[in-house]
Amino acid sequence: GRLDYKWIVASVVILGVFMSILDQTIVNIAIPRLQTAFGADIHSVQWVLTGYILTLGVITPTSAYFSERFGIKRYYIASLAAFTIGSTLCGLSWNLPVLIFFRVLQGAGGAALFPLSLTLLFREFPPQERGTAMAFVGIPTLLAPALGPTLGGYLVTYADWQSIFFFNVPIGIVAIILATVFLHDSAPGPRTRFDFLGFFFVALGLGTFLYALSDASTDGWGSPIVLGCMTVGIISLIIFTFVELNLI
């Protein structure tokens, strides 16, 4: 029945949420190991994190458009597949530039997982039950950041750095199978126009702002690049707000 289905949806999306959040914390702990493995300095290796975060910032705002365009189930499975394939390729990387490139691919898949999970939940749970649903999904949201550093530390100590990426693969495969079997398909929505102007400013704003936050950890808050990117990011997000409210 309907009651059963909504809890099936919650159980399926919990894997996608857990995987995408865990990945953001599990890699942090491996940075020194990656420096040793590739013989690179901290600034270069930092791009393994920065590339992923910037991709999240740029791709996440497109989630609504693509889920309407292709149907939410199809887009959710495609995102899981991109994330899982990206994780596999990261583990197979033979040098640092290749690893950074595959992290961007992984981020492109991971970017949509959280917003799509919430959309799938809100579509099935009536307003009075959404608090319960959010509490259910809140478990992995809180557990993943706490588990990530511990698990990452264990894997890089007792296994290779590659294992922090391969860890996602079985979870991703299970999530894809469950989503394919259990999620109901939704027809693509009416053809909507892609908001290029809005996307440009929100992508520029989030991208530069997130880069500033990421770079501040190595260059410091007083760095001209950090301050410049922070300024461009804030101005772009203000312009984005005006564009979306039709004030420009």
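Since the structure is predicted, the reported quantities are computational estimates derived from the model, not experimental observations.
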**Request:** Could you walk me through whether T119 and R123 pass the side-chain contact (heavy atoms from CB on, under 4.5 Å) test, one step at a time?
**Result:** CA-CA 6 Å; T119 306; R123 206 176 59 174; 5.5 Å; no
**Prompt:** How many angstroms lie between CG in L210 and OG1 in T50, if you round to the nearest 0.5 Å?
**Reply:** 10.0 Å
**Message:** Same cluster or not: F70 versus Y65, using hydrophobic residues (I, L, V, M, F, W, Y) connected whenever any side-chain heavy atoms lie under 4.5 Å apart?
**Reply:** yes
**Non-hydrogen atoms of S93 and C90 that approach each other most closely** = OG-O, 2.9 Å
**Asked** Does any pair with a residue in residues 99-119 pass salt bridge (Lys or Arg N to Asp or Glu O under 4.0 Å), and if so which ones, sequence neighbours excluded?
**Response** D23-R103
**Prompt:** Of all residues at least two apart in sequence or in a different chain, which pass the ring pair (Phe, Tyr, Trp, His ring centres under 6.0 Å) check with H43?
**Reply:** none
**Prompt:** Hey, is the main chain of H184 close enough, under 3.5 Å, to the side chain of Y5 for a donor-acceptor pair?
**Reply:** yes
**Asked** What do the steps show when you test M19 against L80 for side-chain contact (heavy atoms from CB on, under 4.5 Å), and what is the final call?
**Response** CA-CA 10 Å; M19 195 167 61; L80 284 172; 3.8 Å; yes
**Asked** Rounded to the nearest 0.5 Å, how far apart are CG of L197 and CD1 of I239?
**Response** 9.0 Å
**Request:** Compare every heavy atom of N168 with every heavy atom of I164, then report the nearest pair and how far apart it is.
**Result:** O-ND2, 4.1 Å
**Message:** Holding to side chain to side chain contact (heavy atoms under 4.5 Å, CB included), I want the full list of residues that pass it with Y75, two or more places apart in sequence or in another chain.
**Reply:** T62, S63, F66, S67, S79, A112, L116
**Prompt:** Hey, what do you get for CE (M230) to CZ (F209), rounding to the nearest 0.5 Å?
**Reply:** 5.0 Å
**Asked** So, do W47 and F101 have ring centers that fall under 6.0 Å from each other?
**Response** no
**Request:** Can you run down the side-chain hydrogen bond (donor to acceptor under 3.5 Å, both in side chains) pairs that involve residues 152-164, sequence neighbours left out, and say none if there aren't any?
**Result:** none
**Fill in**
Here the gap from I173 atom CD1 to T84 atom OG1, rounded to the nearest 0.5 Å, amounts to 7.0 Å
**Request:** Check whether any side-chain heavy atom of I42 lies under 4.5 Å from a side-chain heavy atom of Q35, and answer yes or no.
**Result:** yes
**Item:** Test item: S87 side-chain N/O and F83 main-chain N/O as donor-acceptor pair under 3.5 Å
**Value:** yes
**Message:** Measuring only between side-chain heavy atoms, which start at C-beta, is L49 closer than 4.5 Å to Q24?
**Reply:** no
**same_hphob_cluster(L99, L105) at 4.5 Å side-chain heavy-atom cutoff** = no
**For F200, all residues meeting ring pair (Phe, Tyr, Trp, His ring centres under 6.0 Å), sequence neighbours excluded** = none
**Message:** Do P145 and I21 have side chains that approach each other closer than 4.5 Å (heavy atoms only, starting at C-beta)?
**Reply:** yes
**Fill in**
Heavy atoms of P115 and T60 approach each other most closely as CG-CG2, 4.0 Å
**Item:** For I77, the option from T180, L183, I177 that meets side chain to side chain contact (heavy atoms under 4.5 Å, CB included)
**Value:** T180
**Prompt:** Given side chains that start at C-beta, do those of D195 and F199 come closer than 4.5 Å, heavy atoms only?
**Reply:** no
**Message:** Run the side-chain contact (heavy atoms from CB on, under 4.5 Å) test on L89 and Q106 for me, step by step, so that the C-alpha distance in whole Å, both residues' side-chain angles and the decisive distance to 0.1 Å come before the verdict.
**Reply:** CA-CA 9 Å; L89 293 171; Q106 190 191 25; over 6 Å; no
**Request:** For the residue pair F240 and L206, establish whether any side-chain heavy-atom pair is separated by less than 4.5 Å.
**Result:** no
**Prompt:** Taking all atoms of both residues into account, what is the closest heavy-atom pair of G222 and L227, and its distance?
**Reply:** O-CD1, 3.7 Å
**F18 CZ: over 12 foreign heavy atoms closer than 6.0 Å** = yes
**Item:** Shared hydrophobic cluster, I100 / W94 (ILVMFWY, side-chain heavy atoms < 4.5 Å)
**Value:** no
**Asked** Does a side-chain heavy-atom distance below 4.5 Å link S11 with F182?
**Response** no
**Request:** Identify whether I8 and M134 are in the same connected component of the hydrophobic contact network (ILVMFWY, side-chain heavy atoms under 4.5 Å).
**Result:** yes
Pairs of donor and acceptor atoms involving the side chains of residues 135-144, under 3.5 Å and at least two apart or interchain, shall be tabulated with distances.
from, atom 1, to, atom 2, distance (Å)
T141, OG1, V137, O, 2.8

**Complete:** When rounded to the nearest 0.5 Å, the distance separating OG of S214 from CG of L54 is 7.0 Å
**Prompt:** Between K6 and P126, what is the shortest heavy-atom contact and its length?
**Reply:** NZ-CD, 4.3 Å
**Prompt:** Short question: side chain of S44, backbone of A40 - any donor-acceptor pair under 3.5 Å?
**Reply:** no
**Message:** Nearest 0.5 angstrom please: L245 CG to T241 OG1, how far?
**Reply:** 6.5 Å
**Request:** Indicate, with yes or no, if F125 and L15 share a hydrophobic cluster defined by side-chain heavy-atom contacts under 4.5 Å among Ile, Leu, Val, Met, Phe, Trp and Tyr.
**Result:** yes
**Donor-acceptor contact present, side-chain S223 to main-chain I225, <3.5 Å** = yes
**Prompt:** L151 versus F167: any side-chain heavy-atom pair under 4.5 Å?
**Reply:** yes
**Request:** Considering non-hydrogen atoms only, spot the tightest contact between F165 and V27 and give its length.
**Result:** CE2-CG2, 3.9 Å
**Request:** Could you please spell out the steps behind the side-chain contact (heavy atoms from CB on, under 4.5 Å) verdict for Y52 and V104?
**Result:** CA-CA 5 Å; Y52 185 83; V104 169; over 6 Å; no
**Sidechain-backbone polar pair: E124 side chain, L120 backbone, donor-acceptor under 3.5 Å** = no
